Amino acid sequence: MPSFSHFFNILTETKGVFLKAMLLTLELTAVSIILGIVIGLIFALLKNSKIKVLELISDAYVYLVRGTPLIVQIFILYFGISGIFLLPDFWAASIALALHNGAYISEILRGAIQAVDKGQLEAGRSLGMTKALTLRRIILPQAFRRALPPLGNQFIISLKDSSLAAFISMNELFNVATTLGSNNFDEMTYLLIVAVYYLLLVALLTFIVNRIELKLAVSDR
Amino acid sequence: MLWNKKILLFFSLIGLCFLSACAEKEKLADGSELINKNQFVFAASGEFKPFSYINDDLTMSGFDIEVGEAIAKEMGLKPVQKRIKFKGIVEGVKTGRADAAVASHTINPQRSKHVAFTTPYYYSGPQIFTRPDSKIKTVKDLKGKEVAVAKGSTYADTASQYTNKIKTYDSDITALQALSGGRHDAVITDFVTGKSAAQEGFEIKAQQLISRSEQAIVLPKDNPKLLKRVNQSLEKLREDGTLTRISMKYFGEDITSKPE
Amino acid sequence: MIRINHLNKSFGDLHVLKNIDLTVYESDVVCLIGSSGSGKSTLLRCLNFLEKKDNGNIIIEGIEVNPRTDNLNKIREKVGMVFQNFNLFPHKTVLENIIEAPMMVKGVDKEKAIFKAKQLLQKVDLEDKADVYPSKLSGGQKQRVAIARALAMEPDIMLFDEPTSALDPELVGEVLTTMKDLAEEGMTMVVVTHEMGFAKEVADRIAYMHDGKIIEHATSEQFFNHPKEERTREFLKATMLK
């Protein structure tokens, strides 16, 4: 087991390279979250559409994505389809992550939308608003408010999932840790260091989500 | 309370498991140490065809594996394969997860600080591999280009002498696969590995053979008696032609003798 | 102004509205009364097409509405509704609740919408609550905001679905007062209610429903003093005893 001073030395020495990797991890996570919300929203609306065919499409997507490991999905987008089409590594990873997130987010949003009182839709419609307008202005804002805690959770999962991009040679946090670890024959120290970075990022993310929740709670149910 | 007793029992069982995992190695009559006194546990990655690769039944085969088994037999021990990802093998041997590693490790000063090497069991060298249509021929052409290598390999160091755009994968085969699929500009890996991959249909072409290297078996530094025994066995296998035989089987040529 | 002919509606096997005929004239205040399950709410909701009729005609301003082809949203701009459970938008302030539809649906510009909204809030006696969120209001206040919100679209007719049934007794009065004022201004209103006192005082006509049919439909005076049907008399007897 490495000594504490050894750990601390390496931590400060490798600050530069880890911070660069952290930036990449954040980029991957951010893109996958934003795209994931868009994808999740689309499939949540499809599922709520009451049109059988659209509901089935949504079900199929969720089943496929939740039913296969994320690493398999990343590999398919990176290695698999390179016969047809060469996706740059950043996009292979972030699209796979976004699609993966999207399935879970669609379930979260679907539940949140359904939980909004039916009377809200009726009020909107009775004022002459179309269903789409009511959805956009009245229902979705309330649904998102409700969905924030489970969404925040999904964001944290997404942050950690970004570590799988290491397997397609992206220099995010986990890859840097294992590369430096094996180059220096000291895997343990570097793994502990990267764990600290992940903890920091999760704390940051949690803080941001909490602030958003507070801000939206002004209208207070 | 019954619950508390059960929890205590559960955790002590887990504790016992951890203790047994940290068991001491067994000491033999001649002073050498082994994890189990009747076995020679040797590590390989299984991701470096034709030196080590995984069969359908999940056992490993390959040149390195056969050499490991021959050595075990020569020492009168039962050979036991242990699969460890290449990047973790040196540390694995150091911390006692295996008695030794027969995993195509190039002898270099950096590794020698942490582990001991036997005499070389084969001679080879890193080579540049590219896609067939590539303009890269020699190391000079690598400047500014993206090179993929295996993590923890000497090829990563080699590559860093010529370019700073380096991508790492867990295995050389994955790196070659990515290259073949259209990613990166070149891969640096053992010339035998690349040749074998090309024969299996990867769309790659061999370029400059960068240098010569010596590959040896890795042992922990604190086990000099075992090192002596393994070296003695290796010498025997050289003399009686076993090493050459295995080499001919896999490569059609003898890479176990020092080239002129 | 609104005429309903032979309207039928079922929910699955349950035949909820049976051959309803009803006419509401301009400036009329019609109260639909009856016990729960009589179909009065359903009938009300058919008037703004929140429920779809199975058959029959709904004729607005002399033109029959075909729910399949006509733009129902346009029709709903002219038919305001006030719900038993208020249905205010909780994530918007009182003012934002009121200006939402005029701005988003009719494209009224913000300043104008706010001005109108403040006028309406004055009318329902809640101008000081403009920037408050609905969760901070009492039931009676919420309902008055709901009325203002519906009025913001300048409807020709206002529908009220048991507007006071969810209110504490002491808050009922303020809402009924607002509704009475509205009636006196000449608004056409159809009100589903249990408040007999309000019906007696404010309604022009009463339609008593039972089991999906309109049992008796008469002017307020006739209904309460000279009911024609036996069932009506029984109903009145039972309610008056309270």
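Just so you know, these numbers come straight off a predicted model, no measurement behind them. Heavy atoms only: backbone and side chains are in, while hydrogens, waters and symmetry mates are out. First the proteins, then the strands, lettered A, B, ... as listed; each starts at 1.
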Chemist: Give a yes or no on this: more than 12 heavy atoms of other residues, nucleotides or ligands lie within 6.0 Å of atom CD of B:E146.
Modeler: yes
Chemist: Which pair of heavy atoms, one from B:H114 and one from A:N184, lies closest together, and at what distance?
Modeler: CE1-O, 4.2 Å
Chemist: Mark yes when over 12 heavy atoms from residues, nucleotides or ligands other than A:K15 sit less than 6.0 Å from its NZ; otherwise mark no.
Modeler: no
Chemist: Sort B:I166 into side chain, backbone, both or neither according to what part of it lies under 4.5 angstrom from a heavy atom of chain A.
Modeler: backbone
Chemist: NZ of A:K20: more than 12 outside heavy atoms within 6.0 angstrom?
Modeler: no
Chemist: Below 3.5 Å, can you tabulate the donor-acceptor pairs from side chains in residues 25-42 of chain A to any protein atom, sequence neighbours excluded?
Modeler:
{"unit_1": "A:T25", "atom_1": "OG1", "unit_2": "A:A21", "atom_2": "O", "d": "3.3"}
{"unit_1": "A:T25", "atom_1": "OG1", "unit_2": "A:L173", "atom_2": "N", "d": "3.2"}
{"unit_1": "A:T29", "atom_1": "OG1", "unit_2": "A:T25", "atom_2": "O", "d": "2.7"}
{"unit_1": "A:S32", "atom_1": "OG", "unit_2": "A:L28", "atom_2": "O", "d": "3.2"}
{"unit_1": "A:S32", "atom_1": "OG", "unit_2": "A:T29", "atom_2": "O", "d": "2.9"}
{"unit_1": "A:S32", "atom_1": "OG", "unit_2": "A:S158", "atom_2": "OG", "d": "3.0"}

Chemist: Which heavy-atom pair separates A:F79 from B:Y169 by the least distance, and what is that distance?
Modeler: CZ-CE2, 4.1 Å
Chemist: What is the minimum heavy-atom distance between A:N183 and B:Q110, and which atoms define it?
Modeler: O-NE2, 3.3 Å
Chemist: Does atom CG (B:D56) have a neighbourhood of more than 12 heavy atoms from anything else shown, all under 6.0 Å?
Modeler: no
Chemist: Whether A:D89 and B:R183 form a salt bridge (side-chain N of Lys/Arg under 4.0 Å from carboxylate O of Asp/Glu) is what I want to check.
Modeler: no
Chemist: Test side chain to side chain contact (heavy atoms under 4.5 Å, CB included) on A:S182 and B:K85 and set out the steps.
Modeler: CA-CA 11 Å; A:S182 66; B:K85 276 204 172 303; over 6 Å; no
Chemist: Heavy-atom pairs under 4.5 Å with chain A are the metric here; pick the option from B:K94, B:Q177, B:R111 that has the most.
Modeler: B:R111
Chemist: Under 4.5 Å from any heavy atom of chain A, what part of B:T174 do you find: side chain, backbone, both or neither?
Modeler: both
Chemist: Who wins among A:N175, A:I168, A:N171 for the most heavy-atom pairs under 4.5 Å with chain B?
Modeler: A:N175
Chemist: Does B:E91 reach the main-chain N or O of A:E187 with its side chain, forming a donor-acceptor pair under 3.5 Å?
Modeler: yes
